[in-house]
There are 2 protein chains.
Amino acid sequence: MSDEADAANAAPSLDQARRQIERYGLSADPQSVLVAVRLMAAGARLGQASEVHFARFGLSTGRYRLLVDLEDHQGEKSPSQLAASLGVSRATVTGLVDGLERDGLVARRASAEDGRGAVVVLTARGAQRLRDMAAEHFARLQALVSGLTPDERGVFLDLLARITQGIGALTAETP
Amino acid sequence: MSDEADAANAAPSLDQARRQIERYGLSADPQSVLVAVRLMAAGARLGQASEVHFARFGLSTGRYRLLVDLEDHQGEKSPSQLAASLGVSRATVTGLVDGLERDGLVARRASAEDGRGAVVVLTARGAQRLRDMAAEHFARLQALVSGLTPDERGVFLDLLARITQGIGALTAETP
DNA sequence: GAGAAGTGATTAGGGAGCTAACTATTTGGG
DNA sequence: CCCAAATAGTTAGCTCCCTAATCACTTCTC
């Protein structure tokens with residue numbers, strides 16, 4: 001393991017948070033700041049690891065999520081619906097579908113009801129890809145959280161949900 | 001709130017996880033999978049919110065982290081050191097410094113000891129920018145986790161650290 | 001001490017996401 | 001009934017981060 005990997009693994013410390021707060025004579029709670037910063041760091045690292053994971057199957061996180069969403073809806077959904085359920089913009093869906101279509105995992109069809117609309121269809125090849133990767137995928141996800149007992153996982157879900165509600169505080173108009 | 005915003009806020013459910021696992025006749029634990037998926041979703045949402053937050057001050061998450069890291073080292077550090085401590089590639093540091101230099105928050109100097117090396121220096125303007133945003137920044141971070149009691153924050157830090165150790169399971173060679 | 005190997009920084013190019021602007025179609029109000 | 005407003009999808013152009021390749025300098029080895 002190189003310095004670089006070590007540093008990437010090194011989580012920010014409570015002392016760093018304290019020092020930063022004191023530098024400006026503020027009264028923020030260092031532990032609260034640490035939780036926020038650690039969660040951000042963990043999210044970023046997990047996101048990158050996720051891309052590495054999916055790249056093994058010729059996918060990305062976004063592409064995989066789109067395929068699964070499609071499979072959960074009988075293999076058919078409009079780009080707008082996909083954008084809504086994935087929580088990304090329609091433009092992003094266009095890009096993801098472009099890539100998946102190029103690989104033959106998905107196909108585009110014109111909508112029967114709406115002349116403006118389109119339908120994205122999961123191909124046999126796309127369904128097969130999901131089948132091929134399922135065992136390894138879920139095994140790795142399970143390994144990710146294997147450091148926690150079932151009870152602890154329940155607690156974690158609860159706490160995470162409550163922090164998630166606070167995300168609005170970062171983007172809200174008034175501090 | 002539109003459908004889109006609702007969907008973005010809607011966390012993946014335990015039933016979705018269960019359905020996915022059963023579809024392939026696997027034996028993975030749905031709750032474990034749910035924890036992994038929720039954490040990824042939360043990380044992605046937090047990352048985006050973070051960009052919105054820092055954009056208010058003319059920065060991005062990466063640029064802010066670089067400035068803080070610099071400030072923590074007497075305002076001077078080489079690009080390689082920055083890459084290591086931020087956990088990003090040297091190429092990324094080049095890009096971040098390009099942007100910060102354009103805004104006058106940072107300057108590049110040649111290294112005295114090593115003819116190949118460079119030193120990134122925090123300018124007065126960069127230090128001022130950090131000072132200007134500190135109060136609001138920390139207040140928002142604190143608000144982010146205000147849904148948790150101090151005890152719960154401690155528990156969360158512990159659980160998060162243990163999951164973070166499991167991230168390697170996603171990228172490891174052998175499943 | 002000169003060539004080979006290693007290291008620091010940058011450049012080039014790619015993927016994922018975004019917003020804004022554009023096209024085509026549908027819907028709805030006068 | 002027809003024109004204006006809304007909606008579906010795409011395109012263009014931006015940022016962030018990545019890897020791989022390149023250039024310049026240092027260090028190590030013989």
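- Comparing C:dT19, C:dA16, D:dG9 by their nearest atom to the side chain of A:S89 picks out C:dT19.
- Mapping A:P79 and A:Q48 onto DNA chain D by nearest heavy atom places A:P79 at the nucleotide closer to the 5' end.
- The distance between atom CZ of A:R108 and atom C1' of D:dT10, rounded to the nearest whole Å, is 9 Å.
- The separation between B:L86 atom CG and C:dA9 atom P is 13 Å, rounded to whole Å.
- As a whole-Å value, the separation of A:L46 CG from D:dC17 C1' is 16 Å.
- Taking the ring centroids of B:H137 and B:F57, they lie at or beyond the 6.0 Å cut-off.
- Taking 4.0 angstrom as the limit, A:T94 places a side-chain polar atom (N or O) nearer than this to OP1 or OP2 of D:dT10.
- Residue B:R63 is in sugar-phosphate contact alone, with no base atom involved, counting any heavy-atom pair closer than 4.0 Å across all strands shown.
- Following rounding to the nearest Å, A:L96 (CG) and D:dG9 (P) show an atom-to-atom distance of 14 Å.
- Of all nucleotides listed (D:dA8, D:dC18, D:dT11), D:dT11 comes nearest to the side chain of A:A91.
- In terms of position on DNA chain C, the residue among B:D98 and B:D114 whose nearest nucleotide sits closer to the 5' end is B:D114.
- Taking 4.0 Å as the cut-off between side-chain N and carboxylate O, A:D98 and A:R108 count as a salt-bridged pair.
- Checked for salt-bridge contact, B:R162 and B:D158 meet the test: a charged N lies under 4.0 Å from a carboxylate O.
- Listed for the B:R140 side chain is a donor-acceptor partner under 3.5 Å among the backbone atoms of A:A169.
- Rounded to a whole Å, the NZ atom of B:K77 is 14 Å from the P atom of C:dG8.
- Rounded to a whole Å, the CG atom of A:L66 is 15 Å from the C1' atom of C:dG15.
- In this structure, CZ of B:R90 is placed 20 Å from P of D:dC16, rounded to the nearest angstrom.
- At the phosphate of C:dT7, neither OP1 nor OP2 sits under 4.0 Å from any side-chain N or O atom of B:S80.
- Protein atom CD of A:E51 is 10 Å distant from nucleotide atom C1' of D:dC17, rounded to whole Å.
- Residues A:E51 and A:T61 have side chains that bring a donor and an acceptor to within less than 3.5 angstrom of each other.
- Mapping A:R116 and B:R116 onto DNA chain C by nearest heavy atom places B:R116 at the nucleotide closer to the 5' end.
- Within 4.0 Å of B:S78, counting heavy atoms only, lie sugar-phosphate atoms of the nucleic acid but no base atom.
- Using a 4.0 Å cut-off, no side-chain N or O of A:T92 falls inside it from OP1 or OP2 of C:dA16.
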